[in-house]
Participant: 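One structure follows; several queries about it will come next.
Quick caveat: nothing in here was measured; it's all calculated off a predicted structure. These values consider heavy atoms only, across backbone and side chains, with no hydrogens, waters or symmetry-generated copies. Heads up: numbering here begins at 1 and tracks the sequence.
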Amino acid sequence: VEGPDDYATMREIVYRRYSRLISDNSDLPQLIIIDGGKGQLNAAVEALQSLGILQNVEIISIAKRLEEIFKPGDSSPLYLNKRSSSLRLIQQIRDEAHRFGISFHRRIRDKKTLSSIFDSISGVGEKSKHKLLRQFGSIESIKVAPVEEIAKIIGESKAVLLKEILNSTYEF
């Protein structure tokens, strides 16, 4: 998906996930819970229809603002009692999916950030990266550390080069 298109992204994610299950001959879930409102639900339904499995699964979506639950074909949402254990379970599932997604993307972003900075310096490999991060804790701390401290770990010429790169191209 090019650009920010929530519906196209939902369609692609659902299509990829369930086409993989089909190709692996894995069991399909009994219930799919989509995070979002009618638009996200409709996008997911389209993906399941294109795979020919919509009739084999139940699918709902939960819209966060009012905690509305949508089902395909129903024009009005279902409202569960705010104290309902069913609603709390659905909310916990959604919140866990958010937590997982956010931490996953942070890990990817952090790996890219570390790779792009350290990989631009010849001779600074995985072991040096780990030593630097173990000693200083973060790239921000490396950026403000004296060259002499960094040089104790990776040598003076690499330390000078690293500081130049961090101070000229890396913005926090």
Side-chain angles (χ1 to χ4, degrees), residues 1-134 137-140 170 172:
V1 175
E2 293 294 322
D5 185 342
D6 200 29
Y7 303 135
T9 301
M10 180 64 70
R11 212 173 2 264
E12 181 178 340
I13 288 168
V14 170
Y15 185 88
R16 282 186 187 187
R17 169 74 177 137
Y18 295 102
S19 64
R20 189 175 315 124
L21 285 180
I22 292 167
S23 69
D24 292 344
N25 289 320
S26 298
D27 292 333
L28 294 174
Q30 292 178 340
L31 174 65
I32 299 170
I33 301 174
I34 299 297
D35 180 22
K38 284 183 185 179
Q40 287 83 0
L41 177 63
N42 289 334
V45 164
E46 287 174 22
L48 296 174
Q49 282 175 328
S50 70
L51 291 167
I53 61 170
L54 181 59
Q55 68 283 358
N56 301 336
V57 297
E58 292 293 327
I59 182 168
I60 62 170
S61 71
I62 180 168
K64 186 161 188 151
R65 195 171 65 95
L66 298 174
E67 304 296 9
E68 299 169 310
I69 297 176
F70 294 97
K71 294 176 11 180
D74 283 356
S75 58
S76 56
L78 170 66
Y79 294 97
L80 296 177
N81 184 313
K82 298 291 182 196
R83 293 190 176 122
S84 160
S85 59
S86 299
L87 178 60
R88 276 195 302 247
L89 176 63
I90 293 169
Q91 290 170 325
Q92 287 173 343
I93 292 168
R94 181 206 43 223
D95 294 346
E96 178 62 18
H98 280 180
R99 187 202 59 75
F100 178 83
I102 289 167
S103 62
F104 174 76
H105 285 288
R106 280 185 184 149
R107 278 194 309 273
I108 289 173
R109 185 188 65 221
D110 290 348
K111 282 182 182 179
K112 286 180 182 177
T113 302
L114 292 176
S115 300
S116 64
I117 292 167
F118 291 119
D119 291 346
S120 62
I121 303 168
S122 178
V124 176
E126 287 298 315
K127 288 182 182 178
S128 296
K129 288 182 207 180
H130 291 293
K131 285 180 184 177
L132 286 166
L133 289 174
R134 202 173 312 121
S138 70
I139 293 175
E140 291 181 42
Y170 194 73
F172 291 99

Participant: What pair of heavy atoms forms the shortest contact from Pro72 to Leu41, and how long is it?
Facilitator: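 Answer, listing the atom of Pro72 first, then Leu41: N-CD2, 3.7 Å.
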Participant: Which heavy atom of Lys82 sits nearest to which heavy atom of Leu87, and what is that distance?
Facilitator: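 Result for this residue pair: CA-CD2, 3.8 Å.
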Participant: Keeping Lys38 on the side-chain end and Ser75 on the backbone end, is there a donor-acceptor pair under 3.5 Å?
Facilitator: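 Judged by distance alone, yes, a pair lies under 3.5 Å.
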Participant: Looking only at heavy atoms, what is the nearest atom pair of Ala63 and Gly37, with distance?
Facilitator: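 Taking every non-hydrogen atom into account, CB-CA, 4.0 Å.
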Participant: Roughly how far, to the nearest 0.5 Å, is CD1 of Ile22 from CG of Leu28?
Facilitator: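 Leu28 CG to Ile22 CD1: 6.0 Å, rounded to 0.5 Å.
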Participant: Where is the tightest heavy-atom contact between Ala47 and Arg11, given as atom of each residue plus distance?
Facilitator: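 Here Ala47 and Arg11 meet closest at CB-O, 3.4 Å.
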Participant: Could you measure the distance from the OG atom of Ser61 to the CE atom of Met10? Nearest 0.5 Å is fine.
Facilitator: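 Result: 8.5 Å between the selected atoms.
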Participant: Under the side-chain contact (heavy atoms from CB on, under 4.5 Å) criterion, do Ile60 and Ile90 qualify, and how do the steps go?
Facilitator: CA-CA 10 Å; Ile60 62 170; Ile90 293 169; 4.2 Å; yes
Participant: Let me confirm one number: the CG-CD distance from Leu54 to Glu46, rounded to the nearest 0.5 Å.
Facilitator: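 It is 11.0 Å, given to the nearest 0.5 Å.
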Participant: Does CD in Glu96 sit with more than 12 non-hydrogen atoms of other residues, nucleotides or ligands closer than 6.0 Å?
Facilitator: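 Check passes, neighbour count above 12.
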Participant: Contact between Leu21 and Ile53 at the side-chain level, heavy atoms closer than 4.5 Å - yes or no?
Facilitator: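 Sidechains of Ile53 and Leu21: no contact.
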Participant: Please tell me whether Asp6 and Gln40 have a donor and an acceptor in their side chains that are separated by less than 3.5 angstrom.
Facilitator: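 There is such a pair between these side chains.
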Participant: A quick test of your reading: do over 12 heavy atoms of other residues, nucleotides or ligands sit less than 6.0 Å from CD of Glu58?
Facilitator: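 At most 12 heavy atoms, drawn from other residues, nucleotides or ligands, come within 6.0 Å of this atom.
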Participant: If you take all heavy atoms of Pro29 and Ile32, which pair is closest and at what distance?
Facilitator: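 Minimum heavy-atom separation between Pro29 and Ile32: CG-CG1, 3.8 Å.
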Participant: A quick test of your reading: do over 12 heavy atoms of other residues, nucleotides or ligands sit less than 6.0 Å from CG of Asp27?
Facilitator: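 No, the 6.0 Å shell around CG holds no more than 12 heavy atoms from other groups.
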Participant: Output the distance between atom CZ (Arg99) and atom CZ (Arg94), rounded to the nearest 0.5 Å.
Facilitator: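 Taking CZ in Arg99 and CZ in Arg94, the distance rounds to 14.5 Å.
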Participant: Within the 4.5 Å heavy-atom criterion, are Val14 and Leu51 side-chain neighbours or not?
Facilitator: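 In short, these two side chains do not touch, never coming nearer than 4.5 Å.
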Participant: Is the NZ atom of Lys127 crowded by more than 12 outside heavy atoms at less than 6.0 Å?
Facilitator: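 No - once you tally the heavy atoms of other residues, nucleotides and ligands closer than 6.0 Å, there are 12 at most.
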Participant: Nearest 0.5 Å, what's the NE2-OG distance between His98 and Ser103?
Facilitator: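 Here the rounded value is 12.5 Å.
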Participant: Given Ile34 and Val45, is the side-chain contact (heavy atoms from CB on, under 4.5 Å) satisfied, shown in steps?
Facilitator: CA-CA 10 Å; Ile34 299 297; Val45 164; over 6 Å; no
Participant: Heavy atoms only: give me the nearest Tyr7-Ala43 pair and the separation to one decimal.
Facilitator: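 Closest approach of Tyr7 to Ala43, heavy atoms only: O-CB, 3.3 Å.
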Participant: For the atom pair CG (Leu89) and CG (Leu80), what is the distance rounded to the nearest 0.5 Å?
Facilitator: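 Nearest 0.5 Å value for the CG-CG distance: 11.0 Å.
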Participant: Determine whether Asp95 and Lys64 make a side-chain contact, defined as any pair of heavy atoms from C-beta on separated by less than 4.5 Å.
Facilitator: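 Answer yes - side chains close enough.
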